[in-house]
A.B. asks: 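Dropping a structure here in structure tokens format, bear with me for questions.
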Amino acid sequence: MSHQSDFGPDLVEVFGPSQQDGGPELIQLLTPEGERVEHPDFSFDPGEGVDEAETIRGFYRDMVLTRRIDTEATALQRHGELGIWAQLLGQEAAQIGAGRALRPQDFVFPTYREHGVAYCRGVDPLSLLGLFRGVDQGSWDPNANNFGLYTIVIGAQALHATGYAMGIQRDGAVGTGDPERDAAVIAHFGDGASSQGDVNEAFIFAASYNAPVVFFCQNNQWAISEPIERQTRIPLYQRALGFGFPGLRVDGNDVLATYAVTKAALQRARDGQGPTFVEAYTYRMGAHTTTDDPTRYRLNDDVEHWKLKDPIARVKVYLTRNGLADDSFFDKVQDEADELGHHLREGCKALPDPKPLSIFDHVYSEMTDELAAQRDAFAAYLASFEGTAVSGGN
Amino acid sequence: MSHQSDFGPDLVEVFGPSQQDGGPELIQLLTPEGERVEHPDFSFDPGEGVDEAETIRGFYRDMVLTRRIDTEATALQRHGELGIWAQLLGQEAAQIGAGRALRPQDFVFPTYREHGVAYCRGVDPLSLLGLFRGVDQGSWDPNANNFGLYTIVIGAQALHATGYAMGIQRDGAVGTGDPERDAAVIAHFGDGASSQGDVNEAFIFAASYNAPVVFFCQNNQWAISEPIERQTRIPLYQRALGFGFPGLRVDGNDVLATYAVTKAALQRARDGQGPTFVEAYTYRMGAHTTTDDPTRYRLNDDVEHWKLKDPIARVKVYLTRNGLADDSFFDKVQDEADELGHHLREGCKALPDPKPLSIFDHVYSEMTDELAAQRDAFAAYLASFEGTAVSGGN
Amino acid sequence: MATQKITLAKGLNMGLRKAMEDDPKVLIMGEDVGKLGGVFRITDGLQKDFGEDRVIDSPLAESGIVGTAVGMAMRGYRPVVEIQFDGFVYPAYDQIVCQVAKLQFRSQGKLKMPMVIRIPFGGGIGAVEHHSESPEAQFAHTPGLKVVACSNPVDGYWMIQQAIACDDPVIFLEPKRQYHADKADLDEDAGPDPLFQSRVVRQGTDVTVLAYGPTVKTAMKAAEAAAAEGRSLEVIDLRTLSPLDMAPVLESVRRTGRAVVTHEAHVNLGMGAELSARITEQCFYSLEAPVLRVGGFDTPYPPSRIEEDYLPDLDRVLDAVDRSLAF
Amino acid sequence: MATQKITLAKGLNMGLRKAMEDDPKVLIMGEDVGKLGGVFRITDGLQKDFGEDRVIDSPLAESGIVGTAVGMAMRGYRPVVEIQFDGFVYPAYDQIVCQVAKLQFRSQGKLKMPMVIRIPFGGGIGAVEHHSESPEAQFAHTPGLKVVACSNPVDGYWMIQQAIACDDPVIFLEPKRQYHADKADLDEDAGPDPLFQSRVVRQGTDVTVLAYGPTVKTAMKAAEAAAAEGRSLEVIDLRTLSPLDMAPVLESVRRTGRAVVTHEAHVNLGMGAELSARITEQCFYSLEAPVLRVGGFDTPYPPSRIEEDYLPDLDRVLDAVDRSLAF
Ligand SMILES: Cc1ncc(C[n+]2csc(CCOP(=O)(O)OP(=O)(O)O)c2C)c(N)n1
Ligand SMILES: Cc1ncc(C[n+]2csc(CCOP(=O)(O)OP(=O)(O)O)c2C)c(N)n1
Ligand SMILES: [Mg+2]
Ligand SMILES: [Mg+2]
């Protein structure tokens with residue numbers, strides 16, 4: 001039997017050195033050193049009659065502004081203006097590559113970290129701060145930019161995305177060949193989320209109904225303090241093979257490759273060819289959130305190793321070395337970033353606190369008598385303090 | 001892009017004709033015609049110094065008795081002695097093959113249909129009836145035969161099995177090489193259960209901790225009225241590949257192959273090589289349960305097609321054709337079956353109804369005062385009717 | 001239109017059909033709801049007539065069913081989810097309480113969540129474990145959800161249509177024991193009562209008995225038996241459990257001074273607890289006795305051979321009535 | 001042994017360490033409980049000292065954590081599961097109510113389920129959605145589970161050890177807002193009260209205030225403020241929510257004739273409803289006023305900037321006390 005009991009994958013291989021940088025299956029079009037490279041299946045195509053350099057400069061700008069959103073918000077948290085902030089430092093290329101691959105009619109289901117994708121969809125970055133400041137739970141209109149609300153319960157949105165995609169199928173907006181009509185959905189989640197039942201059920205439903213959804217997983221190597229090895233012992237993109245749809249691992253720090261792969265996956269969905277799993281292989285350079293202390297669980301060496309793969313630096317090197325952008329361009333982007341920073345700093349402090357009685361709003365499409373009575377009683381209670389100072393506090 | 005958007009599995013192929021009988025990957029050692037065949041990786045090995053024919057005759061006997069348990073219970077339900085019964089007709093080889101591959105120290109987590117496995121573990125078939133009669137919820141001691149209670153919530157037991165296996169690891173009862181010590185767990189579930197989050201999470205945990213568990217899925221092609229295609233669009237055994245452990249598809253109507261494959265998978269687990277997914281490819285010949293009406297959702301042709309693959313008939317043909325068993329043997333097995341039938345018929349009617357006050361027992365390890373008060377009040381209430389006839393009923 | 005005699009199962013089936021005819025956005029999702037028509041046949045014939053895209057057999061995963069229904073609702077559909085049995089709603093519990101219930105609040109009304117989750121609930125059918133549960137209190141405790149329970153064929157027909165038309169998520173509880181029991185006359189012209197209104201189904205003067213779903217019949221039988229002994233029970237079919245419609249309840253208790261609540265769910269933290277608390281808060285000086293509760297015991301649901309001992313029946317209701325009157 | 005000053009977080013950490021030292025079968029499972037020591041550091045240092053096999057970082061799946069813990073318990077271990085935040089217990093709800101709660105009953109006592117599920121609960125920490133929930137009523141409504149809530153560092157130290165020693169599954173609620181708040185003196189020689197006993201923490205004569213977990217502090221503050229106004233409040237820290245320890249509650253209410261219950265959970269079907277119902281059933285003639293409830297409103301938990309308006313505070317407790325006395 002011992003021969004027969006000796007089958008299955010060789011784990012040493014799986015997380016051996018070959019994997020450290022994503023392994024051979026990593027799809028890359030722009031190296032950390034800023035060199036363009038070829039890939040047999042994927043190439044960077046900005047689209048009919050669109051200037052390539054212009055597009056890449058646009059990506060650069062997007063990533064710089066996205067990073068600025070992150071650093072400003074982090075600073076605002078330090079200054080007590082935000083309760084907490086989920087940092088995306090290091091994941092700019094993954095988010096801009098995915099965000100720019102979308103068409104207006106596509107719909108996005110984000111986690112709590114998709115600030116770059118939100119920016120691509122035209123959501124005012126300021127409105128992202130409300131949730132972290134505690135003045136709302138997501139103030140943008142999901143249907144205004146086809147960008148859903150941040151979802152905090154890990155994995156829940158993967159099912160919403162699949163259901164939304166099933167709705168698109170029922171609207172006959174898949175596989176018609178009309179580029180303005182055919183739509184797809186992208187579900188964002190992290191490496192840790194891949195362990196949740198909901199995410200795996202989403203794979204089941206998407207495969208069963210061949211739903212037009214792209215499962216976009218940013219594998220930033222960590223779920224708070226837990227390394228990717230705790231969630232999977234094989235490369236994560238291979239999870240899709242168990243459900244009968246393709247899985248791809250792209251260099252998540254390479255905006256060109258992420259754009260190309262996501263665009264292909266989205267088109268495949270719009271064409272009616274069903275779901276795709278995209279693993280954007282990247283690294284969480286910051287803490288899990290501003291309340292986390294990564295020094296308790298990870299080595300600085302890793303972080304240093306990944307610094308060399310910075311998603312923005314490689315594009316800057318590429319643009320400069322090939323004379324596709326000059327200082328005036330970079331200065332202009334810098335100025336825009338400063339403006340954005342100003343907008344966020346000033347805007348954040350100006351975000352109005354909700355009114356106490358708003359607690360009772362929108363629990364239902366119309367307030368029930370039961371709830372109205374509770375609200376009125378509370379209003380009367382609050383009124384009873386007018387003039388007098390509430391001693392307050394618990 | 002259209003080229004690039006054109007990747008992924010060809011679904012026509014997946015459920016095309018090649019799949020109908022399990023496809024090329026089906027592991028088979030005894031054909032429906034009763035011919036022994038070779039397989040490159042698996043062979044039937046009854047174990048050191050055990051007579052092969054004797055073992056196969058034993059399997060035949062096991063399957064006949066198991067089928068008799070099923071037919072008797074079905075009849076008892078028709079006569080109103082059971083509220084419901086989950087039939088296993090057609091799945092005898094899958095259950096006996098798996099059940100006989102176990103060692104005493106292994107632990108079994110069954111569904112509600114594992115009557116054949118229960119029989120292999122030495123659980124009195126009569127005690128299986130209590131649950132379906134409504135006198136208990138499983139009256140056997142799980143630790144007496146290392147056979148857990150029937151679990152009705154689909155998939156829940158897959159996690160229990162994985163946790164139990166993690167306990168075995170902590171007891172140092174894996175990979176010691178001591179055949180009396182090393183233990184494994186087998187988790188039974190169906191094709192429909194493979195869609196539940198719990199089952200997929202069990203795959204995640206088992207892979208992450210390399211737990212000594214065998215996921216034994218009887219793909220009987222149906223989840224009540226839903227065909228396997230609703231749950232997966234690729235052969236189910238391939239699900240395991242997405243989680244990083246081996247998956248195998250065995251002819252679940254071939255007791256020799258099921259035994260060989262399950263035995264190998266269990267040994268692999270005991271050896272510390274981790275989980276294996278075994279898909280026993282079979283067919284639910286009966287209704288889902290005695291309350292189901294399959295004529296509403298499936299064609300008789302399928303059933304006829306599968307009749308030709310009967311798990312018992314092929315063994316009888318093999319034994320007779322090769323002169324390994326004579327009529328006296330078959331008669332003896334028949335007599336044993338009749339005895340068992342008698343035991344079940346008489347025993348079932350004799351199963352005592354639970355006492356009303358037993359409702360309050362074993363809710364907690366010791367009855368709480370709160371519950372004792374409730375019980376006493378109910379006892380007093382019941383006593384108040386003594387003599388008088390309770391009008392009763394809702 | 002002529003009246004017709006229908007069972008609860010028929011009423012629900014007709015109501016679902018009507019809702020699907022009236023609004024093309026209405027979808028049905030669940031396990032075995034298609035060809036089989038559901039294990040209770042409530043969706044019988046609907047897939048045949050409305051197609052597989054509107055009557056959707058789902059993979060075997062409740063969280064998946066409710067979670068994808070959320071996405072469909074966001075896309076503008078009105079999904080009606082069937083949970084096969086009460087005891088199998090729990091894998092979907094997270095999606096229901098954290099997503100379905102909260103999306104309107106989270107989005108400050110920018111998103112609507114017009115979803116109905118149908119749950120055959122309660123016991124008395126001789127089933128195995130997990131097939132006879134009464135989970136209503138857990139949903140009623142969750143703000144953002146509405147919870148209703150029908151008790152008869154005519155309500156079944158109307159209430160399911162009203163629940164589907166409601167822009168809020170509605171947990172729709174169906175007393176499975178009644179599915180194929182008594183028939184009633186449906187007169188479509190008569191029209192429905194508002195969905196979120198309780199109804200006095202028998203007038204009385206001595207004690208108010210509050211019931212919903214399967215216990216309405218129990219309460220009515222108790223009232224008949226009591227009448228024979230010269231006691232006049234007023235019976236209220238609550239129909240809506242969240243929000244509660246307290247007006248008729250309070251009006252009644254102020255008259256009778258006594259109330260008994262009966263449900264199959266565990267007494268501890270069951271609907272009876274909330275009703276007792278509210279009645280006492282609002283009728284303190286009218287109460288001649290504390291509100292008494294008759295429900296399932298605070299134990300798991302027992303094996304079916306003794307379920308009738310576990311379930312409230314007319315004798316236990318009458319016993320509570322006696323105790324109330326003895327105060 | 002000398003007494004030492006500890007926070008609730010420290011008390012729980014020490015209690016867990018003690019339990020692991022005393023019984024090698026005790027295991028800790030959860031997300032980030034290892035190197036990180038949990039997001040609240042309650043398991044700080046335990047993996048370092050007891051190893052990865054006893055302090056187990058789990059994949060990110062709550063149903064998986066609780067479901068595998070069930071299997072470990074069946075194998076003879078005593079798993080202590082950490083749920084990272086109250087709002088994330090729901091993916092495990094099915095395993096908790098259908099398996100953890102029922103296995104002893106299902107097996108007629110042949111199986112034990114000695115599992116502790118630790119849940120940091122309640123609000124007031126300025127967190128985002130799902131991080132400030134109070135799910136206790138849903139678990140207390142489930143027979144087979146025991147539910148306790150600690151309110152101070154010393155109880156934290158003892159109660160966690162007692163819960164781990166208990167052969168029944170215990171939902172162990174920790175008021176996260178108090179983790180690093182006030183310190184208290186732990187005198188190990190003093191020893192604990194029984195786990196399932198409520199405790200009068202302040203004696204009074206006018207109104208009985210019932211609280212648990214985070215609201216015990218609120219109630220104590222209210223009692224002080226009331227005393228300044230010449231009103232004497234008796235405060236009871238319930239400590240156990242299932243089973244309830246009604247004896248001291250009834251004894252107190254019979255003396256004061258008035259009761260106010262306060263908790264952060266929604267009022268509708270919260271613990272206050274059950275306490276009101278039981279008190280009214282058992283002290284009907286002693287009550288001078290209905291039992292009044294001060295809790296979270298019947299809305300989802302609001303954005304943190306207004307959470308203090310949502311949460312019961314001393315003013316709202318005093319307001320209820322006034323209303324009770326005005327009856
Ligand atoms: C159901 C649930 N459990 C636990 C948490 C707490 N939590 C928040 S983020 C996080 C880790 C998520 O890791 P990953 O999916 O990799 O996403 P990342 O944060 O790395 O982007 C955890 C455990 C949660 N939000 N939801
Ligand atoms: C969580 C849950 N949902 C629904 C059910 C109702 N149900 C009982 S058996 C069954 C089908 C199971 O199919 P499969 O897993 O293939 O096992 P089989 O019955 O074919 O052996 C369903 C939906 C259940 N028991 N548990
Ligand atoms: Mg991550
Ligand atoms: Mg099946």
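Model, not experiment: these values are computed from the prediction. In what follows, chains are A, B, ... by sequence order, proteins preceding strands, each numbered from 1. Just so it is clear, the values below take in all heavy atoms, side chains as well, and ignore hydrogens, waters and symmetry mates.
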A.B. asks: Answer yes or no: is there a side-chain heavy-atom contact under 4.5 Å between B/Y297 and C/D32?
C.D. replies: no
A.B. asks: What part of B/Y150 gets closer than 4.5 Å to chain C, counting heavy atoms only: side chain, backbone, both or neither?
C.D. replies: neither
A.B. asks: Flag the one option from B/I224, B/D361, B/L131 with the top tally of heavy-atom pairs under 4.5 Å to chain C.
C.D. replies: B/I224
A.B. asks: Quick one: what part of C/D57 sits under 4.5 Å from any heavy atom of chain B, side chain, backbone, both or neither?
C.D. replies: both
A.B. asks: Go through the atoms of C/F88 and report whether side chain, backbone, both or neither lie under 4.5 Å from a heavy atom of chain B.
C.D. replies: side chain
A.B. asks: Please report the C-alpha distance between B/D293 and C/R41 in whole Å, then the side-chain angles of each, then the deciding distance to 0.1 Å, and finally whether the side-chain contact (heavy atoms from CB on, under 4.5 Å) criterion is met.
C.D. replies: CA-CA 11 Å; B/D293 172 12; C/R41 308 294 186 264; 4.1 Å; yes
A.B. asks: Any heavy-atom pair between the side chains of C/V128 and B/Y112 that's under 4.5 Å?
C.D. replies: no
A.B. asks: For C/H180, does the NE2 atom sit with more than 12 other heavy atoms under 6.0 Å from it, leaving out its own atoms?
C.D. replies: yes
A.B. asks: Just list the side-chain donor-acceptor pairs under 3.5 Å for residues 187-194 of chain B, sequence neighbours left out, or say none.
C.D. replies:
from	atom 1	to	atom 2	distance (Å)
B/D191	OD1	B/N220	N	3.3
B/D191	OD2	B/W222	N	3.4
B/S194	OG	B/D191	O	2.5

A.B. asks: So which of C/L60, C/V267, C/D298 has the largest heavy-atom pair count under 4.5 angstrom toward chain B?
C.D. replies: C/L60
A.B. asks: Going by residue number, which parts of residues 45-55 of chain C are within reach of chain B, meaning a heavy-atom gap below 4.5 Å?
C.D. replies: none
A.B. asks: So does B/D369 have more than 12 non-hydrogen atoms from other groups sitting under 6.0 Å from CG?
C.D. replies: no
A.B. asks: Let me know if B/R375 has heavy atoms under 4.5 Å from chain C in its side chain, its backbone, both or neither.
C.D. replies: neither
A.B. asks: For B/Q137 and C/Y301, work out which heavy atoms get closest and say how close.
C.D. replies: NE2-O, 3.3 Å
A.B. asks: If you tally heavy-atom pairs under 4.5 Å against chain B, which of C/S58, C/G126, C/P300 wins?
C.D. replies: C/S58
A.B. asks: Output the option from C/E307, C/E31, C/R316 having the highest count of non-hydrogen pairs under 4.5 Å with chain B.
C.D. replies: C/R316
A.B. asks: Testing the basics here: between C/I306 and B/S358, what is the closest heavy-atom pair and its distance to 0.1 Å?
C.D. replies: CD1-OG, 3.8 Å
A.B. asks: Under 4.5 Å, counting heavy-atom pairs only, tell me which of B/V363, B/V153, B/I359 racks up the most with chain C.
C.D. replies: B/I359
A.B. asks: Shortest non-hydrogen contact from B/E226 to C/G30?
C.D. replies: OE2-O, 3.8 Å
A.B. asks: What part of C/E62 gets closer than 4.5 Å to chain B, counting heavy atoms only: side chain, backbone, both or neither?
C.D. replies: both
A.B. asks: Once you round to the nearest 0.5 Å, how far does CG of B/D136 lie from CD of C/E129?
C.D. replies: 10.5 Å
A.B. asks: Of all of B/G83, B/G130, B/P354, which one pairs up most often with chain C through heavy atoms under 4.5 Å apart?
C.D. replies: B/P354
A.B. asks: Which pairs, with at least one residue in residues 118-128 of chain C and sequence neighbours excluded, count as a salt bridge (charged side-chain N to carboxylate O under 4.0 Å, His left out)?
C.D. replies: C/E82-C/R118, C/R118-C/E174
A.B. asks: State, with a plain yes or no, whether a side-chain heavy atom of B/R296 is found less than 4.5 Å away from one of C/D44.
C.D. replies: yes
A.B. asks: Mind checking what makes ring pair (Phe, Tyr, Trp, His ring centres under 6.0 Å) contact with C/Y93, not counting sequence neighbours?
C.D. replies: C/F139, D/Y90, D/Y93
A.B. asks: What closest approach, in Å, do B/G134 and C/P303 show between heavy atoms, and which atom pair accounts for it?
C.D. replies: O-CB, 3.1 Å
A.B. asks: Is B/I154 in contact with chain C via its backbone, its side chain, both, or neither, using a 4.5 Å heavy-atom distance?
C.D. replies: side chain
A.B. asks: Out of C/T215, C/D309, C/V39, C/I125, return the one with the most heavy atom pairs under 4.5 angstrom to chain B.
C.D. replies: C/D309
A.B. asks: Only pairs of heavy atoms separated by less than 4.5 Å count here; which of C/R305, C/H131, C/H130 has the most with chain B?
C.D. replies: C/R305
A.B. asks: Against chain B, label C/R323 side chain, backbone, both or neither, depending on which of its atoms sit under 4.5 Å from a heavy atom there.
C.D. replies: neither
A.B. asks: Just so I understand: if I count every heavy-atom pair under 4.5 Å between each of B/F132, B/Y364, B/F378 and chain C, which residue has the most?
C.D. replies: B/F378
